[in-house]
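A quick write-up on the structure given underneath.
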Amino acid sequence: MLKPSLIVNATISTLQTIEDFVTAMNGTQNIRAHTFVNGQVVPVFEDIYQMTAPSCLVVYEGTLGGNFDGMTMWKHHVTVYLKAPNQATVQNPLGYEDLVWLVVNGPVNGTALNIRQVSVLPDLQIMDTPTITRLTDETRTDFFKIDFVFPEIGDN
């Protein structure tokens, strides 16, 4: 089984190569991971609540059994939480619909391929079809949740 931090970091690195998405997030520093660091206890829901707009938070949710085809041992569940600016502007003209589209379909690393068509790590297969959900936090701010599942080949 691959280390979850490798998968999260590879997902972030891949998202950071989507130029229009990075521009819409006002830089790569706003595309980050939720981590459990010694001495810092921040529950996931609190980290999501504290997200500023625009920003992107990548969270490792866990694993699913993957022995369905005889090669896939693990399926890694990673969620991308996305908060857009309150409104589109001339400098940042993208709304939620466009940002979600960029995460799922934006060209990775200047190629014609998107995150669904590349392996973010060598031992991960191309991801299953993502699930996209609109949610609202306690302040009635909308945000999106994009669930990715990465099948892992073999048992590393």
Side-chain angles (χ1 to χ4, degrees), residues 1-84 96 99-138 142-156:
M1 178 176 150
L2 291 170
K3 286 175 53 177
S5 59
L6 288 175
I7 298 166
V8 168
N9 291 338
T11 303
I12 290 169
S13 294
T14 303
L15 291 172
Q16 289 176 340
T17 69
I18 303 171
E19 291 181 24
D20 289 340
F21 181 67
V22 171
T23 300
M25 291 292 104
N26 291 337
T28 58
Q29 73 279 0
N30 290 326
I31 304 170
R32 63 180 188 84
H34 172 80
T35 57
F36 298 93
V37 179
N38 286 337
Q40 295 179 347
V41 179
V42 179
V44 174
F45 76 90
E46 190 173 320
D47 214 0
I48 295 166
Y49 176 75
Q50 292 175 357
M51 288 173 66
T52 57
S55 63
C56 175
L57 182 69
V58 179
V59 177
Y60 188 83
E61 301 286 358
T63 60
L64 308 166
N67 239 348
F68 308 116
D69 60 6
M71 293 181 357
T72 305
M73 294 298 294
W74 308 96
K75 287 189 171 193
H76 300 278
H77 180 190
V78 174
T79 300
V80 173
Y81 293 94
L82 184 63
K83 280 196 178 177
Y96 271 120
L99 290 175
V100 169
W101 185 91
L102 280 172
V103 168
V104 177
N105 297 304
V108 170
N109 216 13
T111 68
L113 301 175
N114 60 52
I115 196 169
R116 296 175 296 113
Q117 299 167 323
V118 299
S119 295
V120 297
L121 284 172
D123 291 324
L124 292 180
Q125 294 177 342
I126 293 172
M127 73 171 61
D128 293 349
T129 303
T131 302
I132 303 166
T133 309
R134 185 196 55 80
L135 301 168
T136 305
D137 69 15
E138 296 84 359
D142 289 329
F143 64 100
F144 273 80
K145 176 183 175 188
I146 306 169
D147 289 304
F148 293 142
V149 175
F150 296 100
E152 180 180 342
I153 301 169
D155 189 12
N156 294 318

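Model, not experiment: these values are computed from the prediction.
Applying the ring-ring contact (aromatic ring centres under 6.0 Å, His included) rule to pairs touching residues 8-35 yields H34-F36, sequence neighbours excluded.
Nearest approach of V103 to L82, heavy atoms of both residues: CG2-CD2, 4.4 Å. Heavy-atom minimum distance, I132 versus I146: CG1-CG2, 4.1 Å. When all heavy atoms of V22 and Q16 are compared, the pair lying nearest together is CG2-O, 3.2 Å. Minimum heavy-atom separation, A53 to A84: CB-O, 2.9 Å. Among all heavy-atom pairs drawn from D128 and K75, the shortest one is OD2-NZ, 3.3 Å. Among all heavy-atom pairs drawn from I126 and S119, the shortest one is N-OG, 4.2 Å.
At least one side-chain heavy atom of K83 sits less than 4.5 Å from a side-chain heavy atom of D137. Proximity of E61 to V78: side-chain heavy atoms (C-beta onward) are nowhere separated by under 4.5 Å.
In terms of modelled atom types and a separation under 3.5 Å, the side chain of T79 and the main chain of D147 share no donor-acceptor contact. Without hydrogens or angle criteria, N109 side chain to T111 main chain gives no donor-acceptor distance under 3.5 Å. Without hydrogens or angle criteria, R116 side chain to T129 main chain gives no donor-acceptor distance under 3.5 Å.
To the nearest 0.5 Å, atoms NZ (K145) and CD1 (I48) are separated by 8.0 Å. In this structure, CZ in R32 is found 14.0 Å from CG in L15, a value given to the nearest 0.5 Å. The CG atom of L121 lies 12.0 Å from the NZ atom of K3; values are rounded to the nearest 0.5 Å. With values rounded to the nearest 0.5 angstrom, F148 atom CZ is found 13.5 Å from I7 atom CD1. Here Y60 contributes atom OH and F150 contributes atom CZ; the two are 10.5 Å apart, rounded to the nearest 0.5 Å. Within the model, atoms CD of E46 and CE of M51 stand 14.0 Å from one another, a figure rounded to the nearest 0.5 Å.
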*Please report the C-alpha distance between H76 and L6 in whole Å, then the side-chain angles of each, then the deciding distance to 0.1 Å, and finally whether the side-chain contact (heavy atoms from CB on, under 4.5 Å) criterion is met.*
CA-CA 11 Å; H76 300 278; L6 288 175; over 6 Å; no

_Worked check of side-chain contact (heavy atoms from CB on, under 4.5 Å) between V108 and I18_ = CA-CA 5 Å; V108 170; I18 303 171; 4.3 Å; yes

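Results of the side-chain contact (heavy atoms from CB on, under 4.5 Å) test with V80 over L57, V58, I115, V100 single out V58 as the only residue that passes.
Environment of CD in E19: sparse, with no more than 12 heavy atoms of neighbouring residues, nucleotides or ligands closer than 6.0 Å.
Annotation: salt bridge (Lys or Arg N to Asp or Glu O under 4.0 Å) contacts of R134 (sequence neighbours excluded): D142. In this structure Y81 satisfies the ring-ring contact (aromatic ring centres under 6.0 Å, His included) test with no other residue, sequence neighbours excluded.
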